[in-house]
Amino acid sequence: MSHGRGGWIGGNHDVAEALADTGFIVAAINHPGDSVGDLAQRDSLSVWLSRPQDIMHLIDFMLNDWTSRAAIDPDRIGFFGFSRGGYTGTVLAGVDPDFQRVAHYCTQQNPFCEQVRNGEFPRSWPHDERIKAAVLADAAHTVGFTRANLASIKIPLQVWRSELGGNGVDPEGTARVTASLPGTPEVHTVPAAHFAFLAPCSAELAAAVPRICADTPADFDRAAFHREFDAEVVRFFSEKLGK
C-alpha cells in the first residue's frame with residue numbers, strides 16, 4: 001500500500017483491515033521524505049523516482065526477509081495506492097512518465113519546475129512485474145501520463161476517481177488518464193472531493209486535522225462510501241489474484 005503526498009501508513013487503514021480480514025497479507029510503509037513527520041522531500045523531484053523504489057524495497061523485504069515470508073504467494077501480489085500513491089502504482093505497473101509534457105505544463109517558479117525545465121529528471125524508471133493487479137484511488141501527478149506510455153500497462157486495474165478533485169488532483173486530468181488506459185480497467189467515479197478516499201475520521205482526528213476530514217459536498221457520507229469502497233477493493237483483488 002502506498003499513501004498520498006505527506007500522508008502516512010494508516011491513511012487507508014480501513015482498506016487494509018478489510019483485506020486482512022479476508023485473509024490477505026497487507027504491508028504498508030511511510031514513504032521516507034514524503035510522510036507525516038518526515039516531509040523533507042515532499043515537494044522535491046526526487047520523490048517521483050524514490051516512491052516506486054520504496055515499494056519495490058518493501059516487496060523485497062516481505063518476500064526475502066520477513067519472518068513469515070513463507071506464507072506469501074509471490075505470484076499473487078497486488079498494489080493499492082491513493083493520490084501520489086496512485087502515481088506510484090502507475091509507474092510500478094510499467095509506465096515511464098513523459099517529463100517533456102510535465103515541463104511544458106510546469107510553469108511555476110519553484111525548484112521542482114525549474115529542475116524539470118532544466119531536464120534534471122530521471123531517464124529510467126523502476127517497474128515491478130511481481131505486481132499482478134492494482135487499485136489506483138484518485139491518482140495525483142497525471143500530467144506525465146499519456147495514451148502512449150500508459151499502453152505499457154499489462155495488469156488488471158481498478159481505478160477510482162473523484163468528480164471534484166482538489167488538493168493537487170485535477171478531475172479533468174484523472175478523467176483524461178482513465179480514458180487513456182489500455183484494455184478494460186474497472187472504473188468508479190465518486191461524487192465527492194479528493195479526501196473522500198481517506199478512511200472516515202474519528203472525532204479526535206476531525207478536530208486535529210479538519211482539512212482531511214471535511215468532505216465536499218458537505219452531505220457526502222464518507223462512512224457509507226467506504227463500506228462500498230472497501231468491499232469493492234476486496235472483491236477486485238480476490239477475483240484478479242485468485243483468492
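Everything numeric here is computed off the predicted structure, so don't read it as measured data.
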Would you name the heavy atoms of [X] and [Y] that are closest together and state the gap between them?
| X | Y | value |
| --- | --- | --- |
| G165 | P171 | N-CG, 3.6 Å |
| C106 | R117 | O-NH1, 2.5 Å |
| L205 | C201 | CD2-SG, 3.9 Å |
| A199 | H13 | CB-NE2, 3.5 Å |
| I155 | A93 | CD1-CB, 4.0 Å |
| A192 | P217 | CA-CD, 4.1 Å |

Are the side chain of [X] and the backbone N or O of [Y] linked by a donor-acceptor pair below 3.5 Å?
| X | Y | result |
| --- | --- | --- |
| D38 | G33 | yes |
| R222 | F195 | yes |
| S44 | V47 | no |
| S68 | A71 | no |
| D215 | A218 | no |
| T189 | R161 | no |
| R5 | S83 | no |
| Y87 | T142 | no |
| R76 | P74 | no |
| D138 | S162 | yes |

With side chains defined as the heavy atoms from C-beta onward, is the minimum distance between [X] and [Y] less than 4.5 Å?
| X | Y | value |
| --- | --- | --- |
| N149 | T146 | yes |
| L19 | I25 | no |
| P200 | D14 | yes |
| F82 | W160 | no |
| H141 | W48 | yes |
| L136 | Q158 | no |
| M56 | L92 | yes |
| L49 | Q53 | yes |

With rounding to the nearest 0.5 angstrom, report the [atom1] to [atom2] distance, [X] to [Y].
| X | Y | atom1 | atom2 | answer |
| --- | --- | --- | --- | --- |
| D54 | S2 | CG | OG | 8.0 Å |
| F220 | L164 | CZ | CG | 9.5 Å |
| F80 | H3 | CZ | NE2 | 12.5 Å |
| T174 | F145 | OG1 | CZ | 12.5 Å |
| L241 | D75 | CG | CG | 10.5 Å |
| R51 | S46 | CZ | OG | 11.0 Å |

> Does a side chain donor of either S50 or H31 reach within less than 3.5 Å of an acceptor in the other side chain?
Replying inline: no

>> Could you check whether N167 and H194, counting side-chain N and O atoms only, form a donor-acceptor pair closer than 3.5 Å?
In response: no

Linking I/L/V/M/F/W/Y whenever any side-chain heavy atoms sit under 4.5 Å apart, do [X] and [Y] land together?
| X | Y | value |
| --- | --- | --- |
| F79 | I153 | yes |
| W125 | V143 | yes |
| V26 | L198 | yes |
| V95 | I59 | yes |
| V91 | L58 | yes |

Any ion pair linking [Y] and [X] (charged N to carboxylate O, less than 4.0 Å)?
| X | Y | result |
| --- | --- | --- |
| R130 | D60 | yes |
| R235 | E186 | yes |
| R101 | D98 | no |
| R84 | D34 | yes |
| R176 | E172 | no |

>> Applying side-chain contact (heavy atoms from CB on, under 4.5 Å) to L63 and I77, what does each step give before you reach the verdict?
In response: CA-CA 10 Å; L63 291 178; I77 295 175; 4.1 Å; yes

> Is the number of heavy atoms from other residues, nucleotides or ligands within 6.0 Å of CD (E120) greater than 12?
Replying inline: yes

> So does Y105 have more than 12 non-hydrogen atoms from other groups sitting under 6.0 Å from OH?
Replying inline: no

> Under 30°, 30 to 60°, or over 60°: which ring-plane class applies to F229 and F225, parallel, tilted or perpendicular?
Replying inline: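 Because their plane-to-plane angle is under 30°, the rings of F229 and F225 count as parallel.
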
>> Run the side-chain contact (heavy atoms from CB on, under 4.5 Å) test on L181 and V159 for me, step by step, so that the C-alpha distance in whole Å, both residues' side-chain angles and the decisive distance to 0.1 Å come before the verdict.
In response: CA-CA 10 Å; L181 289 167; V159 178; 3.7 Å; yes

> Is the gap between the ring centers of F99 and H104 under 6.0 Å?
Replying inline: no

